[in-house]
Amino acid sequence: MSILYWEERKTLSINNSPEMHGIPRKAPTQEERDDSSLKAAKLRDLQSLLLHFHHNKIYTEEAIEISAKLLESNPEHYTAWNYRKLAVQHLLDRHQQNQLDSQSPQSILDDELILVENALKTNFKAYGAWHHRKWVLSKGHSSSDRELRLLGKFQKLDSRNFHAWNYRRFITELKKIPDEDELQYTTDMIYDNFSNYSAWHNRSMLLSKLLEKSAKGYEKRENVLSEEFEFVRNALFTDPDDQSGWFYHSWLLGQTLKREPLFLSSSPPHGSNLSLSIDKPYRERHFPLILYFSEAVGGVSSSTVNVEYFYDGGDGLIWFPLAANKLGFSQAWLTYIKYPLDTLESFHVKVTIAQFPGIISSSGMPCSRSCYIYFTASICLNNQEDSELQTTHKISWNEENIKPHSTHPEDANLLASLCKLDITKENKPTTPMLCMETISNEIACSRELLLSSNCKIGKLTLARLLVAHNTLITYGCMDSGTEANYEEILALYHDLMKMDPAHIGYYEDEYSLVLMKQLTPNTESLLKLCGNYQELSSPSISSYTSVRLKGLSLSRVSCLEHLLWVQMLDLSNNKLRSIEGLEALQQLSCLKLSNNRLSSFTALEPLKMLNSLRVLDVSYNEIGAHTIDTRRYLCSSPLNSTTGSKWQSKIFTDGDADLKHFWYAYLLFRDLNLVQLDIVGNAVVDERLKAFLVKLMPALKWFDGESCH
Amino acid sequence: MGELVVEKHIKYIISIEKKQDDFASVVMEHLRLNGAYWGLTTLDVLGKLDAVDQNEVIPWIMQCQHESGGFGGNIGHDPHLLYTLSAIQVLALFDKIDVLDIEKVANYIASLQNEDGSFSGDIWGEIDTRFSYIAICSLALLQHLGKINVEKAVEYIVSCKNLDGGFGCTPGAESHAGQIFCCVGALAITGYLDHVDKDLLGWWLCERQVKSGGLNGRPEKLPDVCYSWWVLSSLIMIDRVHWIDKKKLINFILDCQDKQNGGISDRPDDAVDVFHTYFGVAGLSLLEYPGLKAIDPAYALPVDVVNKIFLTK
């Protein structure tokens, strides 16, 4: 790398480019100062002359010559390039009008090409110069040979010059040079120097195009990818520390694993029995139905999801994406199923998903496999099974209040039915054998490489391959005989945190994703996390099933497909910066997020979607401790045109100083019907905020442990 | 940790404003309006915007305006989006956007949108996602985003998304931190950040941090202080800034200071300039270096300036 540095410095300081890079810092000598003044005076003259000619539309030979002098020494002077284009048009017009001494178009445009080449010699990164050349080319001038030769020269000087690569793409499109030829060019560049990210990038673009249109020789996708894996393996084994090959390898992996979005789970779960309370007013006689997919999808609606039960609700059901964004894509989707006054005692519900085309992932892959779930709903006359949390008493989250489920056999059964996770066999998709083979092959190669070279990206790639392997096992239909194993992956991430401490935040996030997969794959492992929460001070209140994910060093939450039923969740004492994903847990009534790293109210945005939330603990976080808000553009606010106009009229014309100051907290807490809030231990908390929040939430009974209202 | 020599930087910037005769100034005469933005925003972040007399700056800016409504880089230079944004940003710093004929400027910008949603920099037709960002940022600050086809603009930006999660100047162009900032910024302002695969791009961006702690602009290239802005602000907008080592980056930026004469350079011991001084200070603000005003990662202006425009109508 140091060789590169000196070469770059040499090139840049030799030419008098106004580049602001790579120029050594030293006080100029008197001689240098005089020299600089002289040069400055000369250049200033050229520049003011140019402006004079430009404003007065003077296109004499001398004027044009001066513009050339200027552009050759200062190719960044964009107005000069504009002048030049006007001069060219003027000359072309003269020729058109058959004026005496007029130049031929060929000669005029040739002069421009030569000028651009000279200007590029001064600074081969000048946008204006490259654009001028494109402008000349668009007049039908020059041959592809000439341009490719020019490009060859520049790409030899600097194979990473993106201007040259962009220009190359411009020429290949203009002159209709086939993608296959360009692919060969990238092959040559890569053989010349493996560390050519620009060539690898171009290669990936060209291959994508060829595969997409099933060009001749590129029809069999698996074969092409297989060959590419072999091709990149050479680069990886030759120089494992160079990133270029690894990024390409990661792209190939993505291409291999590309699959349809899958339906993963629902709430109520398949095969369960839901208890409904009959003692409710008409508009509350509905229960939520949630569908959870393997990735964010769009197009979930009453025409793509069919819900059959005895009652025909009239109009089609409306489905809501449980993610706050303009695009309408989400992993979790929600609708409400109504049951009328004269309902049956017990009824079946069958939900058919992806019955018709329309559900697609954000990358455009359609969910083509139709599958179904069914469950029953029964009316319950007493209110024992009412899922609405009793809120007359404070939730203390004390450890003594939680008993493991093993001591309550009826609860264990209840839990087992709550998280019955077997999706019917017909619903499970198949995994192409070739895909599994490729992944296994790459795992073997990575292991081999790591034996001789303990490199960071190699380890990371192995971890990703193992995760992919596990995913194929978990969601595939084949009996591979192996169970998904996560220990090795977690160990790899621990290694990476030590090897590459600068990126520890990244590895912690990846670690958290894997850990969540390990903790929640089946009923058995979930039972370990569950407890029966009973407020000891008030034994008359029913107990609740709580899930404990505390103290696990989790920095993010995910893989929630098996937790959709959770009412009480303890995520305290982790490293959470974000709670994105929690929107799917629609049954959540009590949430403990104390002792984490939530750094702003905006990080709590997902809570806006949790209509059942009554008890929230965000104490001992970092809200208010930071001057920079990293979720500012990821939440709904007037800064990114995602709030309606009613926002403005309400908050800022009302003239309430507190409202203006706490505008985001207002938007967040206004719609939450909290009964209990703990917020102590955050820098933002002061008497003013406390008073503001208590006033904002009239239903609040406990604030930081003390009763209010 | 090293120290930020605030007073020296303030002196350096003020001296640049005055000095116009050396070669470096003459060669960059055509982008003086950008220079004004870099210098003045730095002063504001350092808490010293009042060191400059707005009654000298504003008339000069208005003289850079062309009859089309757009601004040139200096008096007499042709109009271009690049300088139009800087003009609007500088006026925003002084809370003087209303000296503009806003309709006129907004119309100029909107007229440069092409049918495919892309933007040309000027009437000569160069297309680049930098211009998409500039148009969107400018119009948002002028509160006239409705003058362009936002959906089409977003569509074009998305067509420049690459397989590594990053963005290039035009469809198919290699990912580059500068272009990524422009595309992510434009998507942030229009509320379409969901088009960004945050994990994929976040990893590509965090891998820009090299051993010295500095950030480069794309793989296997040298670190440079200006990427402390472009990579960093992108990471912040997608909430992945915790994927780099902030302390190490702060130290790299501080090492690029000229502690004698003021100013910050691209790399330690290189010549300083106002461009890198701005990016170094703005980067330090994003890294929460103490004593600096918070800067907004999408609009590249102090947060109080942005809040004033959007939260008080």
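Since the structure is predicted, the reported quantities are computational estimates derived from the model, not experimental observations. Letters A, B, ... mirror the listed sequences (proteins, then strands); counts begin at 1.
Under the 6.0 Å distance and 45° angle rule, B:Arg218 does not count as a cation-pi partner of A:Phe162.
Residue contact with chain A, scored on non-hydrogen atoms closer than 4.5 Å, is absent for B:Ala24. Heavy atoms closer than 4.5 Å to chain B are found in the side chain of A:Leu460, but not in its backbone. Heavy atoms of A:Ser362 lying under 4.5 Å from chain B are absent altogether. For A:Ala625, the part lying under 4.5 angstrom from a heavy atom of chain B is the backbone only. Proximity to chain B (any heavy atom under 4.5 Å) is shown, for A:Arg160, by both the backbone and the side chain. Residue contact with chain B, scored on non-hydrogen atoms closer than 4.5 Å, is absent for A:Lys575. Looking at A:Ser48, there are no atoms closer than 4.5 Å to chain B (heavy atoms on both sides), in backbone or side chain. With a 4.5 Å cut-off on non-hydrogen atoms, A:Asn166 touches chain B through its side chain but not through its backbone.
Each of A:His77, A:Gln255, A:Gln243, A:Lys26 has some count of heavy-atom pairs under 4.5 Å with chain B, and the biggest count is that of A:Gln243. Your options are A:His132, A:Lys456, A:Lys42, and the one with the most heavy-atom pairs under 4.5 Å with chain B is A:Lys456. Each of A:Lys209, A:His54, A:Arg464 has some count of heavy-atom pairs under 4.5 Å with chain B, and the biggest count is that of A:Arg464.
Using a cutoff of 4.0 Å between basic side-chain nitrogens and carboxylate oxygens, B:Asp197 and B:Lys161 are not scored as salt-bridged. In this structure, A:Arg169 does not pair ionically with B:Glu174, as no charged nitrogen and carboxylate oxygen lie closer than 4.0 Å.
No hydrogens or angles considered: nothing links the side chains of B:Glu155 and B:Tyr192 as a donor-acceptor pair under 3.5 Å.
Remark: B:Trp243 pairs with A:Asp509 by the side chain to side chain donor-acceptor pair (under 3.5 Å) rule, at least two apart or across chains. Not a single side chain to side chain donor-acceptor pair (under 3.5 Å) links A:Asp35 to another residue, sequence neighbours left out.
The two atoms that bring B:His276 and B:Ile264 nearest to each other are CB-O, 3.4 Å, heavy atoms only.
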